[in-house]
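A short worksheet on the structure shown next.
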Amino acid sequence: MFEVQPTLPSYSSDEMMTVTAARFLSDRQVCFVGIGLPSEAANLARLSHAPNVVLIYESGTIGTKPDVLPLSIGDGELAEKAEFVVGVPEVFAYWLQGGRIDLGFLSAAQIDRYGNLNSTVVGGYEEPKVRLPGAGGAPEIATSAGEVIIMLRHSERAFVPSVDFVTSVGFGRGGEGRPERAGRGPTVVITDLGVLRPDQSSNELTLVATHPGVSLEDVRVKTGWELAIAPDLAITEPPTDGELEILRDLKARTIVAHGG
Amino acid sequence: MFEVQPTLPSYSSDEMMTVTAARFLSDRQVCFVGIGLPSEAANLARLSHAPNVVLIYESGTIGTKPDVLPLSIGDGELAEKAEFVVGVPEVFAYWLQGGRIDLGFLSAAQIDRYGNLNSTVVGGYEEPKVRLPGAGGAPEIATSAGEVIIMLRHSERAFVPSVDFVTSVGFGRGGEGRPERAGRGPTVVITDLGVLRPDQSSNELTLVATHPGVSLEDVRVKTGWELAIAPDLAITEPPTDGELEILRDLKARTIVAHGG
Amino acid sequence: MESSKQAKLTTLRDAIATHVADGATVAMEGFTHLIPFAAGHEIIRQGQSDLTLVRMTPDVIYDQMIGVGSARKLVFSWGGNPGVGSLHRFRDAVEHGHPHPLELEEHSHAGMAARYTAGASGLPFAILRGYVGTDLAKHADMATIACPFTGEELAAVPALSPDITIIHAQQADRSGNVGMWGITGVQKEAALAATTTIVTVEEVVDELTPRGPNHVVLPSWTLAAIAPVPGGAHPSYAMGYSRRDNAFYTRWDRISRDRDVFRDWVEEHILGTEDHASYMESIDRGAGHV
Amino acid sequence: MESSKQAKLTTLRDAIATHVADGATVAMEGFTHLIPFAAGHEIIRQGQSDLTLVRMTPDVIYDQMIGVGSARKLVFSWGGNPGVGSLHRFRDAVEHGHPHPLELEEHSHAGMAARYTAGASGLPFAILRGYVGTDLAKHADMATIACPFTGEELAAVPALSPDITIIHAQQADRSGNVGMWGITGVQKEAALAATTTIVTVEEVVDELTPRGPNHVVLPSWTLAAIAPVPGGAHPSYAMGYSRRDNAFYTRWDRISRDRDVFRDWVEEHILGTEDHASYMESIDRGAGHV
């Protein structure tokens with residue numbers, strides 16, 4: 001079995017993260033997608049195992065099938081390749097709030113152990129250390145989508161015991177659970193190191209898998225609280241050649257299209 | 001002066017009514033129009049002295065310039081000749097309720113001396129003598145348009161001391177005045193016999209003009225209350241040849257287009 | 001909400017049989033244009049009863065359904081024969097309880113539009129400046145609500161979320177996305193507010209190609225069933241496909257005035273026909289002697 | 001509401017000088033697409049100050065206006081450089097009060113969209129399922145309101161009705177009707193919610209001819225002024241006319257990080273140019289050495 005001996009991985013940790021997230025999407029799911037890693041993951045899913053996944057961007061582009069990744073949430077590519085385009089009030093009222101989104105992606109600057117997210121401010125609101133962009137669509141994605149996938153690179157700055165500001169609710173500051181009529185909330189957190197899922201009874205984010213080559217200790221030092229570990233901790237399947245090829249083709253096309 | 005001796009009028013009472021109403025429209029006014037006489041009057045105005053009058057039908061056709069009169073509020077002609085078309089929720093929310101309508105037309109089965117209108121029911125609501133079509137757009141036209149022009153053929157059945165149901169408010173059952181933030185309300189009532197306007201202090205509809213050849217008595221017997229008469233009662237200018245020609249051409253085109 | 005699904009391409013008969021049960025709340029929308037007549041006729045053929053019929057402008061199709069006794073209740077804002085006059089079967093039901101009494105829940109157009117919009121938006125109610133100074137407020141299901149910022153009193157109306165919404169559109173593509181244009185009324189909101197939406201279409205095309213203004217798309221995954229029914233809006237029309245049969249609307253006034261003439265007409269043209277194609281043949285044939 | 005009027009076809013300089021006063025509440029909308037950059041630059045040239053700037057997605061144009069000190073207050077929901085990162089002038093104002101403190105009123109996208117929609121609809125407030133479980137509620141101007149029918153608690157937000165809304169669109173016709181397509185964001189609502197609306201357009205045409213989906217029309221009589229400004233969205237884009245200058249957005253990160261570099265850039269490219277045409281020339285010329 002010489003083939004399985006450890007070698008340097010032939011993929012980056014961001015690729016591992018994107019591929020992992022893509023696998024959580026099923027065909028025909030309706031997904032509310034943001035720019036960056038979620039957009040990569042969602043389009044990878046569409047171009048591989050989930051050809052009929054429906055992608056909605058908050059700019060109002062519904063059922064869009066971009067050939068290249070958008071750089072902004074309002075790229076012309078998204079409108080040109082959409083089944084149809086609606087105004088922003090409609091996308092939030094009829095499509096998100098209307099309960100038609102199966103799955104929303106969120107990211108943030110900070111996350112706590114109960115999946116609450118902060119994209120508003122580091123430090124005090126009135127005396128900010130770092131003023132972040134703010135809420136955008138996140139608060140209502142967090143409560144109107146059927147479930148939420150969180151993508152966030154692991155770091156002690158990001159995985160904090162208590163977020164400085166709750167921009168989007170997970171299971172509440174004390175892990176008390178989901179608000180009424182607010183969907184299942186975060187069902188999975190995908191990082192560059194592994195995968196966390198909320199514990200069914202405590203709602204606490206629990207490490208359920210590490211990516212290949214990542215040690216438990218790697219994850220622990222980059223998590224700002226004492227991390228719960230699943231007893232049956234798994235190792236993520238590495239990206240397949242097929243997944244990597246599709247993802248890299250997509251990114252290569254993107255670079256050409258956007259002129260570098 | 002042989003020319004002015006009374007002859008049989010060369011126009012119908014409906015034509016007199018339509019021409020009179022058309023004259024109340026100014027160029028560039030934004031008008032919310034219903035089917036029937038209001039539609040005739042508004043289009044006559046557009047084709048004569050008010051070429052830039054903006055006509056909006058509740059079907060969502062905005063700035064429409066039909067070549068022929070629509071038979072229904074949703075004729076294809078209205079959509080084909082519109083500046084643009086929107087959905088019905090938008091026409092009521094953004095265009096009518098948004099305060100963008102200068103002038104709305106209303107009609108009804110019953111009117112009282114304070115310009116309150118009934119298009120819901122004759123008799124009791126639970127035990128109707130005649131069930132009428134109902135409110136449609138009228139209640140909000142009555143309160144969201146800048147002012148309201150009422151067109152209604154004179155009869156004792158229509159001009160009643162007290163309407164059986166207030167579908168659209170004029171100055172209230174006791175003439176107490178307009179609701180807050182509700183526009184000026186009925187500024188003129190045009191019938192086949194003459195023109196009534198609300199008295200500035202009492203809000204009571206007052207006959208201010210009769211059409212040529214109509215006597216005061218003609219109007220009084222067809223009004224179900226003791227009719228107030230303006231001291232300076234006028235006689236409506238008869239339709240000009242130009243007005244009649246445009247109106248009759250429009251109706252002739254309409255008959256041809258709709259196949260009789 | 002039937003998300004994560006694809007609309008089933010089927011026959012009208014199958015769509016109605018599968019989705020429309022006795023006692024259901026059914027909205028069949030279409031603002032003069034694109035009225036789903038064929039679907040209404042199919043409900044009459046199949047005999048679903050005790051329905052709550054919802055529609056801003058109940059016109060001839062609801063007059064037919066009310067006349068045969070399909071409806072227990074009508075939720076509406078304007079019930080007339082557009083450009084002609086009264087709906088005689090509707091009046092007969094309200095004025096004389098024939099064929100049985102009809103419960104009414106009545107609003108203004110603005111109120112109904114706001115109610116559907118709330119339904120489509122996942123909200124339990126909508127606010128509007130409406131019903132001011134009218135007697136409607138006594139009979140409509142409404143409340144007043146104060147603005148928490150200005151104190152101003154506004155009307156509040158409950159969301160409308162029909163069990164089934166049925167509409168007619170010009171096109172569906174092969175994935176089941178539906179496109180309509182021209183006057184689209186409140187159809188998008190009614191479709192998105194419903195638990196289940198059925199669409200009859202003029203044709204199934206490779207790609208949606210609007211031939212008029214105001215293109216509205218309903219994606220496949222918001223719809224339960226699509227049935228191709230060319231001419232399915234007759235005597236209403238489908239912009240780009242057919243013209244309104246104005247003469248039929250005028251004729252309807254005579255047909256519907258008399259209970260027996262109405263019954264005979266329904267027997268011959270609806271119950272006596274298998275589907276919409278044979279209805280259309282029967283109408284052409286019968287046009288001269290109705 | 002400027003009804004019964006026709007939009008005045010004018011220059012951008014005249015439109016801004018006529019309608020934008022010190023202290024005004026100004027909304028400049030555009031969701032990545034069709035951002036009215038040229039109009040923002042003209043406000044910087046004219047020096048209007050003490051503005052309340054409103055915008056769902058304040059991006060580089062508001063970073064520039066905040067950086068020169070035009071704004072007293074920002075009403076917004078997401079303030080970043082799309083696809084790049086932070087808005088450094090915005091951060092400098094919030095974190096260090098430079099060039100002066102900036103008051104914030106912040107909402108979610110859903111809340112801002114609902115606020116504009118209420119403004120366009122003549123309502124004092126809007127309701128939404130929003131802000132649940134967040135700290136935003138403590139800082140956003142919002143209230144909770146109970147559904148009068150179900151008792152459910154919902155968020156209520158006050159209507160947004162800017163003094164002036166400024167947008168960029170693809171086309172105006174000779175009567176002053178404006179057409180835009182593609183991603184149109186919240187522009188229609190922002191335009192209809194404002195007391196006065198100014199539109200810059202790529203071109204004036206005989207007839208509006210959309211070259212993409214989602215054609216939105218604003219009629220002449222809802223607008224105060226229209227100014228032809230080809231390329232007026234740069235570095236944003238106008239579908240059918242121009243592409244997004246992604247490199248500029250990346251460059252902006254470097255320019256805006258440093259107060260002096262920023263100031264020099266503004267001096268050269270905005271204050272140092274007469275109008276948008278010369279700004280565009282200066283950008284092309286300067287692209288190599290910024």
Side-chain angles (χ1 to χ4, degrees), chain B residues 35-36 57-61 70-76 78-80 82 84-93 96-97 116 118-121 123 125 127-140 142-144 163 165-170 172 178-182 258-260, chain C residues 30-34 56-57 76-87 90-91 93-95 104 106-114 116-117 128-136 138-140 152 181-189 212-214 216 236-237 239 243-244 246-247 249:
Chain B
I35 290 304
Y57 290 75
E58 66 191 14
S59 54
T61 54
L71 289 193
S72 80
I73 199 86
D75 272 20
L78 293 174
E80 282 156 18
F84 59 110
V85 181
V86 301
V88 162
E90 179 178 322
V91 83
F92 282 101
L96 178 60
Q97 184 176 263
N116 304 297
N118 171 18
S119 56
T120 300
V121 66
Y125 188 81
E127 300 284 332
K129 262 189 282 189
V130 182
R131 175 62 221 202
L132 303 165
E140 287 75 26
T143 52
S144 287
V163 294
F165 191 99
V166 179
T167 311
S168 317
V169 70
R178 295 286 298 162
E180 271 188 82
R181 295 169 168 273
H258 293 313
Chain C
F31 209 84
T32 311
H33 182 214
L34 292 174
M56 290 181 64
T57 52
F76 78 114
S77 41
W78 190 88
N81 181 342
V84 178
S86 284
L87 292 177
F90 159 69
R91 283 185 55 184
V94 177
E95 295 170 12
L104 297 184
E106 95 178 271
H107 282 264
S108 67
H109 278 353
M112 286 289 282
Y116 277 124
T117 301
L128 72 153
R129 290 189 192 281
Y131 304 89
V132 177
T134 75
D135 289 337
L136 261 181
K138 300 173 197 161
H139 301 280
E152 189 190 349
W181 60 83
I183 292 167
T184 58
V186 77
Q187 283 99 304
K188 181 172 189 168
E189 289 73 18
N214 186 37
V216 169
S236 169
Y237 72 106
M239 191 182 197
R243 289 170 60 100
R244 191 167 188 268
N246 292 312
Y249 280 91

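Values below: all heavy atoms of this structure, side chains included; hydrogens, waters and symmetry mates excluded. Lettering follows sequence order; numbering is per chain, from 1.
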When B/Val85, B/Leu78, B/Val169 are compared by non-hydrogen pairs under 4.5 Å with chain C, the top option: B/Val85

Closest-packed option against chain C by number of heavy-atom pairs under 4.5 Å, given B/Gly134, B/Pro70, B/Gly74: B/Gly74

Chain B contact via C/Arg244 - which portion, at a heavy-atom distance below 4.5 Å: side chain

Straight-line distance of B/Thr120 OG1 to C/Asp135 CG, nearest 0.5 Å: 8.0 Å

Heavy-atom contact with chain C under 4.5 Å, split by part of B/Arg181: side chain

CZ-OG distance between C/Arg91 and C/Ser86, expressed to the nearest 0.5 angstrom: 4.0 Å

Chain C contact via B/Glu127 - which portion, at a heavy-atom distance below 4.5 Å: neither

Between C/Val94, C/Leu104, C/Thr57, C/Thr184, the one whose heavy-atom pairs under 4.5 Å with chain B are most numerous: C/Val94

Portion of C/Ala110 that has a non-hydrogen atom of chain B nearer than 4.5 angstrom: both

Check: C/Asn81 side chain, C/Tyr249 main-chain N or O, donor-acceptor pair, under 3.5 Å: yes

Flag, side chain of B/Ser72 to backbone of C/Gly83, donor-acceptor distance under 3.5 Å: no

Side chain / backbone / both / neither for B/Asn116 at chain C, heavy atoms under 4.5 Å: neither

Close side-chain approach of C/Met56 to C/Val186, heavy-atom, < 4.5 Å: yes

Backbone N/O of B/Val166 and side chain of B/Asn118: donor-acceptor pair under 3.5 Å: no

Set of ring pair (Phe, Tyr, Trp, His ring centres under 6.0 Å) partners for B/Phe84, sequence neighbours left out: B/Trp95

Short side-chain to backbone donor-acceptor contact, B/Arg178 and B/Gly170, under 3.5 Å: yes

Among C/Trp181, C/Trp78, C/Tyr131, residue most engaged with chain B (heavy-atom pairs, under 4.5 Å): C/Trp78

C/His107, part contacting chain B, at a heavy-atom distance under 4.5 Å: backbone

Contact class of B/Val130 relative to chain C, heavy atoms under 4.5 angstrom: both

Engaged part of C/Tyr237 at the chain B interface, taking heavy atoms whose separation is under 4.5 Å: side chain

Portion of B/Thr167 that has a non-hydrogen atom of chain C nearer than 4.5 angstrom: backbone

Spacing of C/Thr32 atom OG1 and B/Tyr57 atom OH [to the nearest 0.5 Å]: 12.5 Å

Which portion of B/Leu96 sits near chain C, non-hydrogen atoms under 4.5 angstrom: neither

B/Glu58 portion near chain C, given a 4.5 angstrom heavy-atom threshold: both

Stepwise side chain to side chain contact (heavy atoms under 4.5 Å, CB included) test for C/Val216 and C/Gln187: CA-CA 9 Å; C/Val216 169; C/Gln187 283 99 304; over 6 Å; no

Partners passing ring pair (Phe, Tyr, Trp, His ring centres under 6.0 Å) against C/Phe31 (at least two apart in sequence or in another chain): C/His109

Check: C/Thr134 side chain, B/Ser168 main-chain N or O, donor-acceptor pair, under 3.5 Å: no

Chain B interface, residue from C/Lys138, C/Glu152, C/Glu189 that has the most non-hydrogen pairs under 4.5 Å: C/Glu152

Flag, side chain of C/Glu106 to backbone of C/Ala140, donor-acceptor distance under 3.5 Å: no

Contacting region of C/Leu128 [heavy-atom separation from chain B under 4.5 Å]: both

Option that, when pairs with chain C are counted at under 4.5 Å, heavy atom only, ranks first among B/Val86, B/Val121, B/Thr143, B/Asp75: B/Asp75

Contact leader toward chain C among B/Glu90, B/Glu140, B/Glu80, B/Lys129, where contacts are heavy-atom pairs under 4.5 Å: B/Glu140

Partner chain B: residue of C/Gly80, C/Ala113, C/Pro82, C/Ser108 with the largest heavy-atom pair count (under 4.5 Å): C/Ser108

C/Tyr116 portion near chain B, given a 4.5 angstrom heavy-atom threshold: neither

Interchain contact, C/Phe90 with chain B, by part (heavy-atom threshold 4.5 Å): side chain

